[in-house]
Amino acid sequence: MESPIQTDFIRWIVFLPLIGAIVNGLLGAKIQKRMGKGAIGVIACTPVVIAFALSVNAFFTLKGLAPDKRFLIDNLYRWIELGSLKVDMAFMIDPLSAVMILVVTGIGGLIHIYATGYMHDDKAFWRFFAYLNLFTAAMLTLVLGDSLMLLFVGWEGVGLCSYALIGFWYHDQANARAGNKAFIVNRVGDFGFVLGMFLLFWSLDAQGHGSLTIREMVKWAPSIKDSLIWGWPVVTVATLFLFVGATGKSAQIPLHVWLPDAMAGPTPVSALIHAATMVTAGVYMTARMNVFFSMAPDTLNVIAIIGVATALLAATIALTQNDIKKVLAYSTVSQLGYMFIGVGVGGYAAAIFHLMTHAFFKACLFLGAGSVIHAMHHEQDMRKMGGLKQWMPLTFSTFFISVLAIAGFPPFAGFFSKDEILWLAFTSEHGNKLVWFLALCGAGMTAFYMFRQLFMTFYGKCRADHHTQEHLHESPSVMTMPLVILAIGAIFAGLIGLPGVLGGSQFAHWLEPVIHAHAEGHASHALEWGLMAVSVTVASFGVFIAFLMYRRESLSPDIFCNLAGGFFYRVFDRKWYFDEFYQTVFVNGTLLLARFWSAFDAYIIDGIVNGAATLTRFASWLNGLFDSYVIDGMVNAVANVTFWAGNKFRRLQTGNINSYLFVILIAMALAIYVKVHYWS
Amino acid sequence: MDNVLTYMTFIPLAGAVVVLMLPNNAKVIRWFSAAITTPPLLMSIWLFNQFDRTKAGFQFVEDYYWIPAYNISYTMGIDGVSISMVLLTALLSFLCIFASFGIDKAVKGYFALFLLLDAGMMGVFCALDFFLFYIFWEVMLLPMYFLIGIWGGPRREYAAIKFFLYTLFGSVLMLLAILALFFTVEPHTFDMRIMMAQASKYSAQVLPIWPFDQWGWGFQHVVWMAFFIGFAIKIPAFPFHTWLPDAHVEAPTAISVILAGVLLKMGTYGILRVNFPMLPVATADLAYWFLGALGAWNIIYGALCAMAQKDLKKLVAYSSVSHMGYVMLGMASFTTQGINGAVLQMFNHGTITGMLFLLVGVVYDRAHHREIEGFGGLATIMPVYTGVTALAFFASMGLPGLSGFISEVLVLLGVWQRYPVLTILGASGVVLTAGYLLWTIQRVYLGPPNEKYLKMPEINGREMFTLVPLGVIVIIVGVYPSVVLDLLRASLDQLNQIIIPHLKS
């Protein structure tokens with residue numbers, strides 16, 4: 001491989017938002033007090049807008065190069081070097097990351113601008129933008145990182161910002177808890193991610209190519225084709241580990257539970273982080289590592305199954321939600337599921353395409369919902385809305401366009417991207433008709449719940465209280481302008497990825513240098529037209545039901561609610577009891593373990609230590625007794641005996657000459673006797 | 001600058017003597033102590049610049065006769081194993097003087113003992129003669145006993161005695177082990193460099209009436225265990241760790257910082273300095289269970305215990321048990337990433353946990369309690385303080401961009417090559433750590449502000465002065481870890497090369 005082109009401006013795409021974050025983070029409170037919120041907004045938005053301009057520049061620089069030379073790098077310095085581990089602080093742009101930075105800075109920039117309006121009444125305005133800029137910098141690090149390690153820096157960085165922004169209104173403990181949940185669930189994913197990274201590194205190292213630089217890893221990927229670990233192919237285990245990371249970040253079963261709770265954050269955050277950019281990081285990562293995933297068909301099957309299960313499960317939950325943001329949250333989980341179906345059937349480019357179109361229409365939907373919430377004085381329950389289109393025409397029309405896009409009606413963006421995934425599921429070699437069918441059912445549900453939301457919010461009679469109704473108003477242009485731009489994207493973004501019968505996808509072609517393993521559907525044009533017609537029909541059916549239930553109101557939703565004694569409704573409404581299950585098993589289980597080991601520590605381990613001390617003291621007490629009674633007793637006994645003896649012998653000292661002479665006489669007689677009889 | 005290590009060790013000692021002779025004026029004593037810890041700090045910066053990063057052997061060596069009859073000499077010197085600890089000791093000693101400005105009980109005694117402690121710590125990391133090493137090791141113990149026992153919290157006497165006896169127990173084992181080595185080398189000497197050079201002698205040595213040779217447990221293994229227990233108490237490794245929460249909770253803030261920041265490192269430093277190069281065969285045989293598996297267990301056990309704590313300081317103390325587990329785990333891998341990560345983790349733990357204890361001290365000084373449930377909403381009341389705390393907490397959690405990440409990821413990466421299962425266990429600690437730290441942030445800093453503490457003053461200039469240098473180091477090492485790693489690499493790689501030939505399978 002030729003040495004790539006060093007391009008110094010790339011670093012500024014990351015650094016500019018970072019500088020914005022540092023300035024607002026350290027000095028924001030003072031700036032806001034002295035110069036007002038406008039200054040904060042300028043400091044926050046300008047870097048992102050410039051970063052967008054740089055991204056556009058990067059895109060055209062790449063476009064000017066031959067397809068196989070489309071790679072720019074900005075190497076700052078050697079970050080870590082130990083043995084064969086060599087990690088550079090380096091950012092790279094190739095066709096894939098070019099798409100991602102355009103999405104992140106473009107949509108991110110619009111959301112920044114929107115947020116200056118949405119957050120205008122918040123006292124911690126500066127703090128919000130410091131976090132938002134930091135998020136943008138972290139997300140850009142994620143997509144520009146030249147090595148898995150740097151990708152992971154961004155990966156965790158976006159998690160941190162997500163945590164901080166979910167708990168932005170931290171006065172409410174519930175928000176803080178939602179932030180914790182997001183961070184910890186993501187940490188479980190990160191756990192898998194780092195293990196995958198380690199395994200790949202050491203497997204490549206064993207072949208003499210140890211590296212974490214993505215393009216080196218990709219280059220040497222074939223060398224570990226036959227490596228085994230624990231009797232399994234290394235690529236399968238490693239990609240499964242990496243996919244665990246992706247399920248965390250991209251909210252797939254079983255780690256999807258944090259995303260709906262993340263709606264506790266301000267709505268622009270939901271749009272930027274929890275819809276358009278961060279949650280797509282898992283999809284990006286799998287596309288980035290596509291060579292490895294393609295080497296592991298078992299992993300791809302797992303991904304397809306998880307993807308389709310998530311898409312369906314989230315869609316069923318979305319059917320029952322009444323919170324305007326919760327519906328969108330579950331629809332995001334569901335759409336991410338579609339992206340992973342794309343990955344699972346080998347259509348990485350299709351997944352990235354859906355990621356891109358989804359970023360437009362979902363950001364638009366969230367910002368539209370934010371506009372509604374703003375007008376409704378922070379009311380989020382759709383049952384208290386209705387008929388809003390007369391007050392908010394611009395919000396309504398952009399929302400309507402995006403609903404059409406997500407429901408998959410041509411020629412809106414979502415139609416092309418979703419249909420490509422369905423098409424690949426049906427026809428590609430990794431595909432499966434059952435996956436296609438289930439994904440199609442999910443698409444029908446998507447159309448239903450999105451139109452349900454549209455009807456409940458914007459049509460019919462307004463159900464808000466009088467006070468709210470009087471104050472209903474269209475949002476300021478700083479908020480509606482981004483909506484309009486995003487809606488335009490939601491209409492036209494799909495045209496760059498046309499299906500084969502309409503001329504083929506330029507988008508997939510653009511990504512070819514990165515995504516070598518391009519899945520091709522092999523089937524006739526007639527089938528392609530036919531499948532398109534089927535998916536539009538299914539979506540129309542979903543819309544029709546929604547229309548009957550929530551617009552015409554001639555069909556009661558109770559028919560569904562009471563199905564099987566309300567069993568399905570309860571399961572969907574309770575989110576399939578995932579939260580309850582995790583709370584009982586994992587959260588309480590861990591706390592129980594913590595209490596157990598802490599008690600073990602205090603009573604057993606420390607008990608042994610204190611017990612040893614007590615035992616020593618007991619022994620010394622015994623020793624003391626022994627010393628004072630036995631040893632000292634003997635000493636005293638000697639004295640006592642002497643004293644006693646002295647006392648007894650004292651009687652002899654009578655002072656009487658007669659008795660002395662008597663004793664002497666006896667003694668002499670005795671001596672003579674002994675001498676005569678024994679010593680002779 | 002000849003004899004720089006001696007100056008760094010004995011300037012604080014001379015300072016301790018001078019403090020005793022100063023007039024009984026708290027202000028004079030405090031500022032004098034601050035002044036006396038400045039030259040070692042400046043010298044450590046000089047050392048950092050002058051240290052030859054390509055050399056694996058000892059540098060700045062000083063070698064003088066002392067007690068020739070027993071081949072005891074005054075030998076000082078540092079290499080990649082000790083340089084980072086010398087820097088850390090100089091920095092933390094300096095900062096902790098300022099963190100001690102709030103002490104107003106028997107000020108003269110406190111600062112004199114503190115400086116004596118400083119001298120002892122510096123000596124341990126610089127000594128290359130085992131006799132000298134042992135003296136410094138014991139010298140440290142005495143001031144620590146009084147600093148906890150006199151200036152500590154309500155249960156200070158219990159904690160001080162527990163700390164003292166526990167460490168003394170370890171010292172006795174260590175002394176016996178030192179003598180065992182002394183009588184094996186020819187000629188008998190306490191010079192560590194000679195002991196390292198004659199490491200092969202210890203494999204040949206046989207213990208009288210010792211039945212376990214046939215199982216591969218010879219003289220070397222027994223001596224290894226004696227050293228290991230002595231050092232494990234300091235680390236502190238499970239199950240010898242229970243002195244630590246008590247000592248930490250009772251000790252005044254600055255002493256907790258020194259305890260966690262420097263004293264704990266002596267355990268792992270000792271293993272690297274003594275067990276690794278002098279007893280390589282036993283190290284190769286025993287590392288998996290006594291360093292690797294025990295380290296992984298320390299990580300999980302410490303994290304779970306931390307999660308259950310109600311006292312903020314005790315939580316930080318148990319987090320130390322958990323984080324020192326990474327050091328043990330990394331050392332056991334005998335890969336360049338693992339061992340460098342381990343020593344970097346020693347340095348990082350010193351700065352990060354130093355910050356954590358200082359931060360706990362800040363609220364304790366204001367609220368006079370440390371109950372986690374007794375606060376709430378401090379972020380609203382003390383935003384700057386909360387910002388600094390968040391930095392320290394996230395560094396402790398191993399967030400990328402901060403120093404803790406580099407060392408943890410290096411350790412786990414290095415260990416994977418030799419023991420993937422231990423990596424999986426150790427990495428699960430990352431999730432638990434996030435759990436207990438975030439839960440703590442939520443309970444102490446987030447939520448509605450506690451009415452009782454609405455008037456609590458924001459963190460002051462002096463407190464910031466002690467925290468900012470540590471925070472800056474945490475960020476610099478995270479972004480540019482070579483600043484520390486370059487110092488370590490040559491010596492640690494050589495250390496690995498001593499062990500690797502003896503590894504079985």
Side-chain angles (χ1 to χ4, degrees), chain A residues 25 29 77-85 89 127 138 149-150 152-157 159-160 163-164 167 170-173 175-177 179-180 183-184 187-188 190-191 194-195 197-199 201-202 205 229-230 590-591 593-602 605-606 608-610 613, chain B residues 162 165-166 238-239 241-243 245-246 301 303-309 318 335-337 340-341 377 379-380 383 387 390 394 399-401 405-406 409-410 412-414 416-417 420 423-424 427-428 430-432 434-436 438-439 441-442 445-449 479-482 485 489 493:
Chain A
Y77 58 89
R78 179 55 52 90
W79 186 30
I80 303 171
E81 177 163 2
L82 281 173
S84 50
L85 176 71
M89 189 62 87
R127 193 162 57 86
M149 193 76 104
L150 203 56
F152 186 66
V153 171
W155 186 272
E156 285 259 287
L160 168 76
Y163 160 81
Y170 59 79
H171 283 255
D172 189 348
Q173 283 282 7
N175 297 346
R177 264 199 298 278
N180 282 0
F183 198 99
I184 292 165
R187 266 271 155 138
V188 177
D190 297 347
F191 165 75
V194 290
L195 295 182
M197 179 163 83
F198 296 162
L199 178 55
F201 175 79
W202 287 116
D205 193 61
I229 181 167
W230 305 315
T590 309
L591 285 178
L593 267 182
R595 281 194 211 104
F596 170 77
W597 284 113
S598 170
F600 173 82
D601 198 62
I605 300 288
D606 213 25
I608 292 171
V609 175
N610 287 331
Chain B
K162 193 173 183 180
L165 289 181
Y166 226 135
F238 178 90
H241 64 280
T242 53
W243 64 269
D246 285 309
Y301 184 85
L304 284 172
C305 283
M307 198 176 280
Q309 296 311 313
Y318 274 107
T335 54
T336 174
Q337 295 87 0
N340 281 287
T380 315
F394 283 110
L399 201 86
F405 167 73
I406 306 281
V409 90
L410 283 177
L412 294 173
L413 178 81
W416 178 277
Q417 193 195 15
T423 298
I424 294 174
S428 68
V430 172
V431 180
L432 293 174
Y436 70 78
L438 291 180
W439 195 28
I441 292 182
Q442 181 202 332
Y445 301 97
L446 307 182
V479 177
Y480 191 69
S482 303
L485 284 175
R489 195 183 304 131
D493 286 352

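All chains are named by letter (A, B, ...) in the order of the sequence lines, taking the proteins before the strands, and each is independently numbered beginning at 1.
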Mind listing the closest non-hydrogen atom pair of Ala176(A) and Leu446(B) along with its distance? CB-CD1, 3.6 Å
Met149(A) versus Pro400(B): any side-chain heavy-atom pair under 4.5 Å? no
For the residue pair Pro481(B) and Ile80(A), what are the closest heavy atoms and their distance? CG-CG1, 3.9 Å
Can you check whether Val194(A) reaches Thr423(B) side chain to side chain, under 4.5 Å on heavy atoms? no
With a 4.5 angstrom heavy-atom cut-off, could you sort out which part of Leu165(B) is near chain A: side chain, backbone, both or neither? neither
Side chain, backbone, both or neither of Trp439(B) within contact of chain A (heavy atoms, under 4.5 Å): both
Heavy-atom distance under 4.5 Å to chain B: side chain of Val609(A), backbone, both or neither? side chain
Max heavy-atom pairs within cutoff under 4.5 Å with chain B, candidates Trp202(A), Tyr170(A), Phe596(A), goes to Trp202(A)
Where on Trp230(A) is there a heavy atom nearer than 4.5 Å to chain B: the side chain, the backbone, both, or neither? side chain
Where on Leu160(A) is there a heavy atom nearer than 4.5 Å to chain B: the side chain, the backbone, both, or neither? side chain
Scanning both residues in full, the closest heavy-atom pair of Ala308(B) with Ser598(A) reads CB-CB, 3.4 Å
Please state whether the side chain, the backbone, both or neither of Leu412(B) comes within less than 4.5 Å of a heavy atom of chain A. both
Is Leu199(A) close to chain B through its backbone or its side chain, or both, or neither, when contacts mean heavy atoms under 4.5 Å? both
Which atoms of Leu485(B) come close to chain A, meaning under 4.5 Å heavy atom to heavy atom: side chain ones, backbone ones, both, or neither? side chain
Please find the pair of heavy atoms, one from Met89(A) and one from Val479(B), that lie closest to each other, and give the distance. CE-O, 4.1 Å
Kindly say whether Val430(B) contributes a backbone atom to a donor-acceptor pair with the side chain of Arg187(A) at under 3.5 angstrom? yes
List the residues meeting salt bridge (charged side-chain N to carboxylate O under 4.0 Å, His left out) with Asp246(B), not counting sequence neighbours, and say none if there are none. Arg155(B), Lys162(B)
At a heavy-atom separation under 4.5 Å, does Tyr163(A) approach chain B through its side chain, its backbone, both, or neither? side chain
Does the side chain of Ser482(B) come within less than 4.5 Å of Glu81(A)'s, by heavy atoms? no
Look at the rings of Phe238(B) and Phe600(A) and say which category their plane angle falls in: under 30° parallel, 30 to 60° tilted, over 60° perpendicular. parallel
Please rank Asn175(A), Asp172(A), Leu195(A), Asp190(A) by heavy-atom pairs under 4.5 Å with chain B and give me the top one. Leu195(A)
Taking every non-hydrogen pair under 4.5 Å, which of Val188(A), Asn610(A), Ile608(A), Leu591(A) racks up the most with chain B? Asn610(A)
Angle between ring planes, Phe405(B) versus Trp79(A), binned at 30° and 60°: parallel, tilted or perpendicular? parallel
Side chain, backbone, both or neither: which part of Arg78(A) has a heavy atom under 4.5 Å from chain B? backbone
Can you sort out the partners of Arg177(A) under side-chain hydrogen bond (donor to acceptor under 3.5 Å, both in side chains), two or more places apart, ordered by chain and number? none
Please answer whether the main-chain N or O of Ala303(B) pairs with a side-chain N or O of Trp597(A) as donor and acceptor at a distance below 3.5 Å. no
CG (Leu85(A)) and OG1 (Thr336(B)) are apart, to the nearest 0.5 Å, by 9.0 Å
Does any non-hydrogen side-chain atom of Met307(B) lie less than 4.5 Å from one of Leu593(A)? no
What closest approach, in Å, do Cys305(B) and Asp601(A) show between heavy atoms, and which atom pair accounts for it? SG-CB, 3.9 Å
Among Gly377(B), Gly341(B), Ala379(B), which has the most heavy-atom pairs under 4.5 Å with chain A? Ala379(B)
Which one, Leu432(B), Asn340(B), Thr380(B), Thr335(B), leads in non-hydrogen pairs under 4.5 Å with chain A? Thr380(B)
